[in-house]
K.L.:
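Before we start, here is the structure in question, set down as structure tokens.
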There are 2 protein chains.
Amino acid sequence: MKNKKAVNVQLNNDSDKNLTRRDFFKKSLLYSASALGTTSVLSPSLLNANEKEIIEEAPWGTKLGDPVDKNLYGVPSAYEHNNIRRTHDLLSSGDSYASISMCPIHESEGIITPNGLFFTRNHGGTAQVDPNKWRLMIHGKVKKPMVFTLDDLKKYPSESRIYFIECPANGSPGWRGPQFNSLQFMKGMMSSAQWTGVMLKTILEDIGLEKDAVWMLAEGSDNASNPRTIPVEKALDDVMVVWAQNGEALRPEQGYPVRLIVPGWEGNLNTKWLRRLEFSDKPWHSKEETSKYTMLQKSGKAIRYFWVNEVNSVITSPCPEKPWTHLKKGDKVEIEGLAWSGSGTIKHVDISFDGGDNWVEANLKGLVLPKSWTRFSYIMKWEGKPLLLASRATDDVGRTQPTIDQETSKVGVESVYHRNAIVTWEITKKGECNNVQIRKHKKA
Amino acid sequence: MKNKKAVNVQLNNDSDKNLTRRDFFKKSLLYSASALGTTSVLSPSLLNANEKEIIEEAPWGTKLGDPVDKNLYGVPSAYEHNNIRRTHDLLSSGDSYASISMCPIHESEGIITPNGLFFTRNHGGTAQVDPNKWRLMIHGKVKKPMVFTLDDLKKYPSESRIYFIECPANGSPGWRGPQFNSLQFMKGMMSSAQWTGVMLKTILEDIGLEKDAVWMLAEGSDNASNPRTIPVEKALDDVMVVWAQNGEALRPEQGYPVRLIVPGWEGNLNTKWLRRLEFSDKPWHSKEETSKYTMLQKSGKAIRYFWVNEVNSVITSPCPEKPWTHLKKGDKVEIEGLAWSGSGTIKHVDISFDGGDNWVEANLKGLVLPKSWTRFSYIMKWEGKPLLLASRATDDVGRTQPTIDQETSKVGVESVYHRNAIVTWEITKKGECNNVQIRKHKKA
């Protein structure tokens, strides 16, 4: 490609396999100026007149820009002040110590959530830990009980993996609480990141487990400590002890300096400010796994140690925050969404336009990784008619999302956790988008 | 995995294929307390006495933590104040307008650089662009010249891809300038991120190119405008028009609201604050591709339009900022590094302990993606002897890094750009790490 003089352009002969994109927006964008009500600069007939304006008149093009930030660690544009985590009085205590902040997943792109937008859920506020004084103790039924400094941990070979974390209460407003007409408040108790640390298995091979060590307790060093029981089988599978998120040290609200990553399992198990791992032949019965984080059934009994976030999905565009009110009849548009499964890899995602009576298969796009957010896409022409848009994901262990009726028949309506029923958005004639997930599917 | 009562633990029978990890640190960590000179809390014999201290005495475990950040967009821990981008008087003008800030790649993990640490290179400061007034004009030898608003662009189907960006001057201090004894200043003019936007090809299919449109000019809306010529063949291959980086809007210093991504090619081509794409049958001859960003040869002549960042690599641990001074004789340690190629995918990486006389193959770890950072790893036992550590990457188009002598014999020592010669770190008996890249390889 050096010193190329001429390139034979064969636009009609390219080998792009994604045929659905070939004629996307071929006509609609050309005339989009009037449709969007934007300035005349969008009209091709006025292009020459506006060329001067575009090139010369933008104020940021006629003066020097800003110098390098003095703190050398930048922030988003001031115009993006709306793209933030959000709390809600219904979900956080008044003083915001035992709090939830929801990720703006309607603005998320791809499968990485930046650290400044990653959702938070803390039981006793954000601990501010001195990494020089931080220690991790591993003891109980192990051959060599050990206490690690951060430097000790970092001497192990590191791994970097992309995993989502989801609070098991994600989507809980739909069970019995108010219906938020918002994707951020409906499904924003999850995010996704690249995590770097050491496989717990590597540490345990070093320390050695007693033969009857079949349960592990993970405990944080914050005041809430959040003790949770994890089976050793999982600990030896893919659990990580991590110090970095998206290429930098964990943020304080994500457990700085060290947290546990328990891929695909309840967010609550991914212990922040980790201080202790204990091994035993019996499970623990902490408050967090007896009075809370249990799976209430219709019968009134609750399942304990229900860890896996099951297969799930939601359409992120459109959504209540991103309606189709700017589209006009006949416009082509990309429906996009997120699918994820704590059991494995997303196999396929179906989309329905009629609230679940009929389904078509969506395309998976970008990286498709185990226990990671997976993007799906479907390009359609919208004829300006009302729709009931829904997505339904299936993972590689064969699980498929249930309808809300199927889920309710098992679990009742008093539960809080592990909701993975199909979410439905209503698109009105005007292109508005409403959360109507309680609606019964006709054939359910 | 629900309600599991017992798990048959077979540590000696696991199926981990990475045999080099099996006995990693089996002995060294157990006795690391004395070696590291850290507190007695690391001594297994004192574990019981210290258990109380670990669990009860940390100040952050005995009081409530901080509430949710009021601005709902967090910052790194105050303890991480050293992990920042850095400028240098030799590389930036005094007022920092036409500036470089270097990524702390010695602290990077995995293949994602967080947006706050992504390197910057601006020719006229950081433009502060109003996204509502921003426009992109596409004109010249096209069938339908168009001006796009940001909303227009976002109507196209989006793609998210992970690519590195590297300034072609990365590594330039080694040609003729001072020898920085620092990885950050040697190779910190690069970073890697997940980019989200629309494939330029998709837009061009919509707009239509004239048959003799074989060159494209990309121009920014900042005062420097940074015009650069790109062949249409590349524009139709993998070039993206992006609005998001790592899941949020581009930061101002990265070209908010829209920049070009030209995967694997000179960072300078990845036009920030993009305002104009023009098509022609002839290349342009802008200042940025005549007086600058040309490839000076030993003969005194310079190659123009030399775009591709060729295959490259560097060991990131150890490095001058991360020496082995904490290790003792016989300790096992992971050598880690980054490899990348603007031509394709990293195929393999070799490591030398004797300055390039002998080579062994490293493991590639994590995701291995085209035109993306790729991590390599080699676990060794260090016997406390001096080493000359070097890495040498090969990509899937068959290119391998040259020695510094091979490169100099072609290019001379007056060039600034496209240095991809093998980098060598000297490890002393004490474990210090020095940049000795000018050293001649014995067999070169």
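To find a chain, count down the sequence lines: A is the first, B the second, and so on, and within it residues start at 1. Predicted model, so just to flag it, every value in this text is computed and none were measured.
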K.L.:
Against chain A, label B/Gln128 side chain, backbone, both or neither, depending on which of its atoms sit under 4.5 Å from a heavy atom there.
P.N.:
both

K.L.:
Under a 4.5 Å cutoff for heavy-atom pairs, which residue among A/Trp195, A/Tyr79, A/Trp134 has the most contacts with chain B?
P.N.:
A/Tyr79

K.L.:
Report which part of A/Ile111 has an atom under 4.5 Å of a heavy atom belonging to chain B: side chain, backbone, both, or neither.
P.N.:
both

K.L.:
With chain A, which of B/Asp130, B/Thr196, B/Leu250 has the greatest number of heavy-atom pairs at distances under 4.5 Å?
P.N.:
B/Asp130

K.L.:
Tell me, side chain or backbone of B/Gln254 under 4.5 Å from chain A's heavy atoms, or both, or neither?
P.N.:
neither

K.L.:
Between B/Ala127, B/Ser160, B/Ser77, who has the most heavy-atom pairs with chain A when the cutoff is under 4.5 Å?
P.N.:
B/Ser77

K.L.:
Distance from B/Glu109 atom CD to A/Ser158 atom OG, nearest 0.5 Å?
P.N.:
5.5 Å

K.L.:
Do you know which of A/Ala244, A/Ser108, A/Gly110, A/Pro76 has the most heavy-atom pairs with chain B at a distance under 4.5 angstrom?
P.N.:
A/Pro76

K.L.:
Who among A/Val129, A/Asn132, A/Thr120 has the most heavy-atom pairs with chain B under 4.5 Å?
P.N.:
A/Val129

K.L.:
Measure A/Thr113 against the heavy atoms of chain B and call it side chain, backbone, both or neither at under 4.5 Å.
P.N.:
backbone

K.L.:
Once side-chain contact (heavy atoms from CB on, under 4.5 Å) is applied, do any residues pair with B/Asn115, and if so which ones, sequence neighbours excluded?
P.N.:
B/Gln245, B/Asn246, B/Glu248, B/Arg251

K.L.:
Is A/Trp243 close to chain B through its backbone or its side chain, or both, or neither, when contacts mean heavy atoms under 4.5 Å?
P.N.:
side chain

K.L.:
Tell me, side chain or backbone of A/Glu253 under 4.5 Å from chain B's heavy atoms, or both, or neither?
P.N.:
side chain

K.L.:
Please test B/Leu367 against A/Leu369 for side-chain contact (heavy atoms from CB on, under 4.5 Å), starting from the C-alpha separation and ending with a verdict.
P.N.:
CA-CA 10 Å; B/Leu367 295 170; A/Leu369 302 171; 3.9 Å; yes

K.L.:
Could you report the tightest heavy-atom contact between B/Tyr256 and A/Glu80, atom names first, then the distance?
P.N.:
OH-OE2, 2.6 Å

K.L.:
Name the option with the most non-hydrogen atom pairs under 4.5 Å to chain A; the candidates are B/Ser317, B/Gly366, B/Gly220, B/Gly116.
P.N.:
B/Gly116

K.L.:
Which one of A/Ile207, A/Asp222, A/Val75 has the most heavy-atom pairs closer than 4.5 Å to chain B?
P.N.:
A/Val75

K.L.:
Given a strict heavy-atom distance threshold of 4.5 Å, which part of B/Arg161 is in contact with chain A: side chain, backbone, both, or neither?
P.N.:
neither

K.L.:
Give the member of A/Ser192, A/Pro131, A/Ala249, A/Ala78 that has the highest number of heavy-atom pairs under 4.5 Å with chain B.
P.N.:
A/Pro131

K.L.:
Would you give the length of the straight line joining atom CG of A/Asn83 to atom CG of B/Leu72, rounded to the nearest 0.5 angstrom?
P.N.:
11.5 Å

